[in-house]
Every structure is written in structure tokens, then in C-alpha cells.
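Report on the following structure.
Numbers restart at 1 for each chain; the letters A, B, ... are given by sequence-line order, proteins then strands.
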There are 2 protein chains.
Amino acid sequence: MATLADVARHAGVSTATASRIINGSPKPVADALRARVLAAVAELKYVPNAHAQMLARSHRSAVGVIVHDVSDPYFAEITRGLQRVAEADGRLAIICNSYRQPDRELEYIDLLHAHQVAAIVIAGSGYLDADTAARLDDRLRAFEATGGRIAVIGRHEHTGDAVMPDNEEGGFLAAAHLFELGHTEIAVIAGPMALTTTYDRLAGLRRAVRKYRRKLPKERIVHSDFTRDGGVAATERVLAEFPEVTAILALNDSMAVGALAALRGSDRRVAVIGFDDMPIARDVTPSLTSVRLPLTELGERAMRLALSEAGDAPRVEHIAAELVQRESTWAL
Amino acid sequence: MATLADVARHAGVSTATASRIINGSPKPVADALRARVLAAVAELKYVPNAHAQMLARSHRSAVGVIVHDVSDPYFAEITRGLQRVAEADGRLAIICNSYRQPDRELEYIDLLHAHQVAAIVIAGSGYLDADTAARLDDRLRAFEATGGRIAVIGRHEHTGDAVMPDNEEGGFLAAAHLFELGHTEIAVIAGPMALTTTYDRLAGLRRAVRKYRRKLPKERIVHSDFTRDGGVAATERVLAEFPEVTAILALNDSMAVGALAALRGSDRRVAVIGFDDMPIARDVTPSLTSVRLPLTELGERAMRLALSEAGDAPRVEHIAAELVQRESTWAL
DNA sequence: TCACCTGAGGTAAGCGCTTTCCTAGACCGT
DNA sequence: ACGGTCTAGGAAAGCGCTTACCTCAGGTGA
């Protein structure tokens, strides 16, 4: 492993000069030396040790990202936005999957803290009991206390910079759409109640129920997990238990796709509306009506927030939801 | 930012002792001291500086991953496998998107090298002209020369440890399947010729053509990119130009989904077979026959290779492909 | 001619940690 | 009581860099 000292020796200069030449410092250097140093770099295949650099200049550059799971399309799209902005800012984004496990999240926060990242963006945490939430907040504060910046995506407990997808409004839009089409007997297949996503979307939905003066019996909200197979299972329960239901509102597209799959194996004709408008929505049959959230933009905004100077007051940005109508919903 | 020295001072011990206690070194330490140091850590919210640690212990722990794009389902699944193994080994995986741009790849290799990663895994590089390939190889060698390990996924030019999905065999299986079903007039919608994936799958397909004594005129291989919309475009060309075609072989599932979409807007009944068996394959209509590649396993194997000791000779592992039949192909 | 700049380049002090080597006290046997 | 052996803990030397500060030419003006 060639070091700066090797390069300097090889070129017959001091490490100071070598460092200045390699990093393009403003200090003027004779062209002859510059050439010699650059030649030495090439010959020794010198690559500076990033850790030593970080330590010496003690300025933070990388940023950390903690998401539920990058492979999940929802987070993949958010992550894309995050990365794009980080990269445009010349920063390495270290991305970590928490799989919604608070301990992992905790662990990663410390890891990123230890790696001296300039900022941490968190999206899609799991359920937090008061105790865990407190510990997490504690770690986050500790990180902030050292000058680190934090931005979260869609988490209420956090008091700090955040960008919030308007899940409540989205829930309202979805339910309103079904009511407008004349569906009165609807069922909801939802993710775990502990996720704020679930909570908020349900809240909007209930607002629509009230506004349209409909009923939504509690047992018609079936909880499962936010996956395709979770959607299949939940839909099977709905079909078995509620023969009167004519529309299913799925709280995300994965579940909606599962609903469509379950429906395919039954003789019932039930409308389905999803949430998130993932790319697949166009390609299932029938194509899926969904509530679109501009996830890439969500990520971009969050990263920009994280990279901006800390303000006096916490900044919260909202991202609007929008209905995309396709073939899986129709007028009754 | 609390440092180890702060903790030591606060606890009234030397940094040596503090370090030993915090890292659980085997050296015995009095319980009283241990307690004091741990208390100081908690009180000062001390988080060790990972860069300083790396520098001091000069042993590499993190691993680097360079893929085309984590958001792409194909690479998402590979990445999942990579991460799983890295994490099981207690290592942070730094993952980077190259977007198939060789310069980015080059840049990331140096970045990871600079960050002293123990190993680099590369999957899904783009087209490499001889010159770029040489430069890339040069950087890779430089990294290896410092003790770094490298594993690549499915790249022929690389001589070193590799895991190769059996794309050739997969191409053969796909075409053979269509021929067995009685389809003689087939068309292929393919990704960029520069990608080895394309190249290998086509090679297998040609082998099937020879074995079954069929014909596949060159113009019936339509190149586009490996995306859904690329599939739509390619399929539209096929439909317009080749009225005799009864089956389309798509070189990945994204394109196959696009083909299905294009077909939906036409009155032709054409069989479609995809490649990769992504999760969506089950949920499109008709459900998609595809050639399955165990991508997660692919990733796991690659990471294991990268984390194992370097051998004398390059090791190459092969991953078998398997046909998954669904509704999008039928006997003619 | 001399004191004084100016600027190219070097010296060395850290950055925050780990770890080798050393010290000094405790304990042992005789 | 004394030399010898442990052992807990500390001193300090790096790890590979950056950068503030210093040096020593050569060039300037009076």
C-alpha cells in the first residue's frame, strides 16, 4: 500500500508539497515538482487513504441513509431521489436497511455517527414503543450535538426537519374516489397499524367516510403486512367474510396487486384501489387505480433538507398526493 | 464531539485503559475502572471515530458493492444477497450505483479503494471498449495489489474470482421451450448488444435454434434497452414488421412486461417468454413464463467469494437457470 | 550595499484512536 | 526480609494525512 510518504520520497519532495499538489491546493508550486509528484502517483498507483484524510481535515462529507429496505420499490424510489441529490453535492451516500427493526436503526445511527457522516436521512422506521423511541431520539440528539444534520421522512414523533408525504389526504382521495363511483360497501386491507403510513392513510379514509356519510365497520379493516402476499391473505379474508363488499381499498400497491391476484381466483367482481402508484400499477390486469406520491421528489427534498444549514425552527415540508385512475375501479 | 481522551480524563484513566475497556480487549481491568469508564461513555455520549479506528488498526472491514442500479429489481435482488452475507460477517456494505457508466465505475473503485474496503463486488457493468476495460483492470489490479479482494458477477473479460449466472443455458431453455410448444416463427426483443447478459442469452438461444433446426433471421432480433418501455417499443416494431411471428422471447422480464403491454393494445395473439422471473411475473396477465435465476443466491455466493481468502487460481462459480412455466406461453 | 519583502518548499504538530512496551506495586516462596 | 514473578495500568509511538508555521533564497527599494 503506497502512502503519501512513499510518493513524496519517490519524487524527492516533502509530504507537504506532495499533498498540496495532489489536492490542488491554492499554494503555488513549481511545474517541475508538480510533474514529478504526479508521475510518482501514477507509478506507485497511489490512492489516498480516505480515513486518514477524514481524520486530518476533520470535515464531514459522506451522508447516511437509513431506509426500511432499498429493494422495496417504494423505498427504492425514495432512495433514488436521496442519492441523486447527495451525488450532485459530491457526497457519498452510505445506505443502510433497517428492515423496520428499531435496534438495527439504532445500530446504524451509531455506525453512521461513528463514520462522521454530515447528515442522516431516515425513512420508514418500524413501530416504536415509548422506550425505544426515547433511546432513538437520544442517539439522534447525540448525533446532532456533534453538528450532524438529520432529516426524517414521514415520522410524526420526530421533532426536527422532516418531509411528510400527505398520506392523510391520499387516504381521503382514495376513499372519496370509491364513494363518488357509488361504492358504499368497501373494505380496507391495511398494513400494520403501528406504521404511521397505515395510521395516516386510515385517518384520511375515515375523514372521507364522515364527509360522505358512509359507514365503515371496524372489522372491515383487515390488517396484514404491506406485501403482495399480505394483500392476498387479507383479500381472501375479506371475500370470505363480507359478501356485500364491492370495493377494496388497499393501503399500498403491493397489497393491491395481491388483492387483484386473490380476486382472479374468485368469481367476485370487486373494485380495487391501491396506493403509491408503483410502476407495476400500469401492468397488472386490470390496471390499478392508485394514489400517486412523488417518491423520488420526496427523497430529493429530504436530502436537500438534510444538506442545508440547520435552521432555528424545525422545517417540515409536505408532499401532495394525487389520484391516478385506471381500470381497477369503476362506477357501480 | 467527545473523544476518547475526554472519556479517559472524565473517568480518570489513561486513553489506553479507556480504549481497552470500550473495545472489550482481553486484557483484564479492575471492575471499578470499567464502571467509571462506561459511565463516562454514557454521560458524554461518546461514539468512537470510525476513521481514527480504521487508521489505527489499519485492518479493513467494510466491503464495497458496485451495481448498475439498486432500484432495478434485478440488481435489488442481487444486492439483497450481497448485503445479507456482508452483514452476517459483521461488515458494512457500501453500495454504489454505476448506472452502467464505466467512468462512474472507475470513480467508485477508487473511492472504495480509498475507503480501505476489504473487498469489492461488481455486478452489471456497462459496455467497455478495450481502452476503458484496460483502465478499469488497472485500477482493479492496483486495489488487489494492496490486499483487496474482488469478485465480479457475470463479466467475461475479468480474470479473477467470479460468479456467473448461466445465461447461455437460460437462453437455450427459453428458446427450446418455445420450439417444443411448436412455435417456429419467433422474434427476440433484446437489450443492448454490448451487455454480456444480452450476448450470452442470445448465444444460448442460437444454440437452441441450431439444435431444433429452426431459423432465426437476424432482423427478428430487435435491440432496445432492458426496460419496460424498451420492451413496448421493440414489440411494436416486431408486430409491425413480422406478421408471421407467434412468439416473442424477451431477454428480461421488464421487457417481457412491456411486450405484454404492447400486445394488449393489438389484436395479435403472441406467446411471450421472459427472463429472470421477477416477482411481477406472477401478477401480470397473462402470468409470465420466465427463466428463473436465483439472484439472491447469486449475490450471496459472490459476497462469500469476495470475503474468502484469495486462492491461487481464480475461482468461477456457475449459477444454473431454470424454466418457470406460466400462462404467457402455450402450445401452438 | 543592506534591511526587508516575497514566495517556494519544508518541518512538525496534530486529527482520534490502538497497541506495544514499560513501570510499579502486589504477591509468592524461601 | 528479600529477590523474583505476575499483573493492572500508563506512556508513547505510530496509523496516513493536512496545514499552520517556519526557513531560506532571491529580489526589491533606498
Does a side-chain N or O of [X] approach OP1 or OP2 of [N] to a distance below 4.0 Å, or not?
{"X": "B:Thr17", "N": "D:dG9", "result": "no"}
{"X": "B:Ser19", "N": "C:dC17", "result": "no"}
{"X": "B:Ser14", "N": "D:dG10", "result": "yes"}

In whole angstroms, how far is the [atom2] atom of [N] from the [atom1] atom of [X]?
{"X": "A:Leu55", "N": "D:dC15", "atom1": "CG", "atom2": "P", "value": "14 Å"}
{"X": "A:Met54", "N": "D:dC15", "atom1": "CE", "atom2": "P", "value": "21 Å"}
{"X": "A:Arg57", "N": "D:dC15", "atom1": "CZ", "atom2": "P", "value": "20 Å"}
{"X": "B:His51", "N": "D:dC17", "atom1": "NE2", "atom2": "C1'", "value": "13 Å"}
{"X": "B:Met1", "N": "C:dG16", "atom1": "CE", "atom2": "C1'", "value": "10 Å"}
{"X": "A:Arg20", "N": "C:dA12", "atom1": "CZ", "atom2": "P", "value": "14 Å"}
{"X": "A:Arg60", "N": "C:dC15", "atom1": "CZ", "atom2": "P", "value": "16 Å"}
{"X": "B:His113", "N": "D:dC17", "atom1": "NE2", "atom2": "P", "value": "10 Å"}

Would you say B:Asp161 and B:Val152 make side-chain contact, with heavy atoms under 4.5 Å?
no

Determine whether A:Leu307 and A:Val63 make a side-chain contact, defined as any pair of heavy atoms from C-beta on separated by less than 4.5 Å.
yes

Using a strict heavy-atom distance below 4.0 Å, which residues from residues 27-49 of chain B are in contact with DNA chain C?
B:Lys27, B:Tyr46, B:Pro48, B:Asn49

Do A:Glu297 and A:Arg301 sit within salt-bridge range, that is, some charged N less than 4.0 Å from a carboxylate O?
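Between A:Arg301 and A:Glu297 there is a salt bridge, with a charged N closer than 4.0 Å to a carboxylate O.
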
Under the side-chain contact (heavy atoms from CB on, under 4.5 Å) criterion, do B:Ile66 and B:Ile120 qualify, and how do the steps go?
CA-CA 7 Å; B:Ile66 303 179; B:Ile120 297 180; 4.3 Å; yes

Shortest side-chain distance from [X], nucleotide among [options]:
{"X": "B:Gln53", "options": "C:dG10, D:dC17, C:dT18", "value": "C:dT18"}
{"X": "B:Thr15", "options": "D:dA12, D:dG9, C:dG9", "value": "D:dA12"}
{"X": "B:Ala56", "options": "C:dA12, D:dC17, C:dC17", "value": "C:dC17"}
{"X": "B:Ala52", "options": "D:dA12, D:dG10, C:dG16", "value": "C:dG16"}

Pick out which of A:Leu293, A:Leu82, A:Ile153 makes a side chain to side chain contact (heavy atoms under 4.5 Å, CB included) with A:Leu298.
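Running side chain to side chain contact (heavy atoms under 4.5 Å, CB included) over A:Leu293, A:Leu82, A:Ile153 with A:Leu298 returns exactly one hit, A:Ile153.
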
Have a look at B:Thr3 and say if it touches a base, only the backbone sugar-phosphate, or nothing, with a 4.0 Å heavy-atom cut-off.
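Sugar-phosphate: the residue B:Thr3, judged by heavy atoms under 4.0 Å, touches backbone atoms but no base.
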
Distance only, no hydrogens: is a donor on one side chain within 3.5 Å (strictly under) of an acceptor on the other, for B:Thr146 and B:Arg60?
yes

Sequence neighbours excluded, which residues qualify as side chain to side chain contact (heavy atoms under 4.5 Å, CB included) partners of A:Thr296?
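In terms of side chain to side chain contact (heavy atoms under 4.5 Å, CB included), with neighbours along the sequence ignored, A:Thr296 is linked to A:Glu77, A:Arg80, A:Arg84, A:Glu300.
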
